[in-house]
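Start at 1 and go down the list; that is how both ligands and their atoms are numbered.
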Amino acid sequence: MLEKVRVRNSVDIPLSMGVTGTFYTFLGFKNHQEHFAIKFGTPDQDCPLVRVHSECLTGDVFQSLRCDCGNQLKEAMEVLADRGGYLIYLRQEGRGIGLYHKIDAYVLQDQGFDTYEANNKLNFPDDAREFACAAGILEALEITSIKLLSNNPDKLRQISDYGIHVKEMISTGVYVNKHNISYLKAKVKKHKHIINLPQNNNWQLNKLLASQ
Ligand SMILES: [Zn+2]
């Protein structure tokens, strides 16, 4: 069900990347979660460019190489600053299981489980994220049609199911390194993310990894 969300407040914040973002807070999320949105530039209000990003403290803030979240966020902010649009930042850390459980899952991954198996072993689903709140935020901002910056078909499906028309999905970059290659492969294999990964043992991949 679409969450009934409304704008609570907004304020301009100048960012070190040289642009000002307008940060919006909202009322109406279950469990009083503090999801927020940032407006960059002057978006096309009829069909703005939108990135829906789920919090990853280790990747977004500390630039962890175990995943590609930090690079994805940086790219999205640069594209949005350049073209105008919205970043919707959802406080659902670690695919919705929280920071501590994500660290527990990393321990299991170091024992050989892939990212989804590790979550399952901790009695969580593959991916506990929900995107109803993103649809609620868009509705509160009076946006009904978007161009979605993402490689994740499940995100597109969920946002569409909640009544937002996704006119186009614009893919994001591939940020592969020797620490996140297994994580990215699992995303492609198990959840059909559209990421063009070089094949393992392929000269392209070896070259890519060697260059880092
Ligand atoms: Zn991450």
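- Counting non-hydrogen atoms of neighbouring residues, nucleotides and ligands closer than 6.0 angstrom, the CD atom of Q111 exceeds 12 such neighbours.
- Taking the ring axis of F26 as reference, the NZ or CZ atom of R6 does not stay both within 45° of it and closer than 6.0 Å to the ring centre.
- In terms of the side-chain hydrogen bond (donor to acceptor under 3.5 Å, both in side chains) criterion, residue partners of R157 (sequence neighbours excluded) are, by chain and number, D154, D161.
- Under the side-chain contact (heavy atoms from CB on, under 4.5 Å) test applied with I97, the options N119, N123, D104 reduce to a single match, N119.
- Contacts of L15 classified as side-chain contact (heavy atoms from CB on, under 4.5 Å), with partners at least two apart in sequence or in another chain: I13, M17, V19, F23, F40, M77.
- By the criterion of a separation under 2.8 Å, the protein N/O/S atoms near the Zn ion (ligand 1) amount to C56 SG, C67 SG, C69 SG.
- Y89 meets the ring pair (Phe, Tyr, Trp, His ring centres under 6.0 Å) test with F36, H53; sequence neighbours excluded.
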